[in-house]
Amino acid sequence: MEVFEKINYFIEESNMTKKEFVDRVLELEPRLKEQDFFEFDVEFATNNNIKQSKEVREILNLLQYLPAKAINDLKNRLYEYKILYEKKF
């Protein structure tokens with residue numbers, strides 16, 4: 001993903017204007033390397049899974065509210081999907 005694509009995606013995901021983004025960057029007094037600036041989890045997103053990537057991050061952020069029993073159930077269910085996926089290939 002190109003830098004401008006990351007910036008546009010971050011702006012869209014954060015519901016801010018480009019001016020607000022520029023103001024935030026200028027507040028940082030940028031002396032950062034690109035990888036320091038983009039320390040959010042869009043790195044694993046590709047053109048094919050940007051929407052899913054955002055949804056996965058939302059799920060990860062919500063997991064802290066899940067009771068222990070539900071975490072075990074979710075984990076078991078995900079393993080079931082993994083097995084099904086591997087059987088197809």
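- One hydrophobic cluster, built from ILVMFWY side chains closer than 4.5 Å, cannot hold both Phe4 and Val25; they sit in different ones.
- For Glu12, there are no side-chain contact (heavy atoms from CB on, under 4.5 Å) partners, not counting sequence neighbours.
- Taking Lys75 as the reference, nothing meets the salt bridge (Lys or Arg N to Asp or Glu O under 4.0 Å) condition, with sequence neighbours excluded.
- With respect to the salt-bridge test (charged N to carboxylate O, under 4.0 angstrom), the residues Glu20 and Arg24 do not qualify.
- Legend: residues meeting side-chain hydrogen bond (donor to acceptor under 3.5 Å, both in side chains) with Asn72, ordered by chain and number and at least two apart, are absent.
- For Lys18, the side-chain hydrogen bond (donor to acceptor under 3.5 Å, both in side chains) test picks out no residue, with sequence neighbours left out.
- Judged as a side-chain hydrogen bond (donor to acceptor under 3.5 Å, both in side chains), and not counting sequence neighbours, the contacts of Tyr81 are Arg77.
- Residues that satisfy the side-chain hydrogen bond (donor to acceptor under 3.5 Å, both in side chains) test with Asn8, not counting sequence neighbours, are absent from this structure.
- The line from CG of Leu78 to CG of Leu74 is 4.5 Å long, rounded to the nearest 0.5 Å.
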Cut-off 3.5 Å, no hydrogens considered: what does the side-chain donor-acceptor table look like for residues 62-71, sequence neighbours left out?
residue : atom : partner : partner atom : Å
Gln64   : NE2  : Asn61   : O            : 3.1
Lys69   : NZ   : Asp73   : OD1          : 2.9
Lys69   : NZ   : Asp73   : OD2          : 3.2

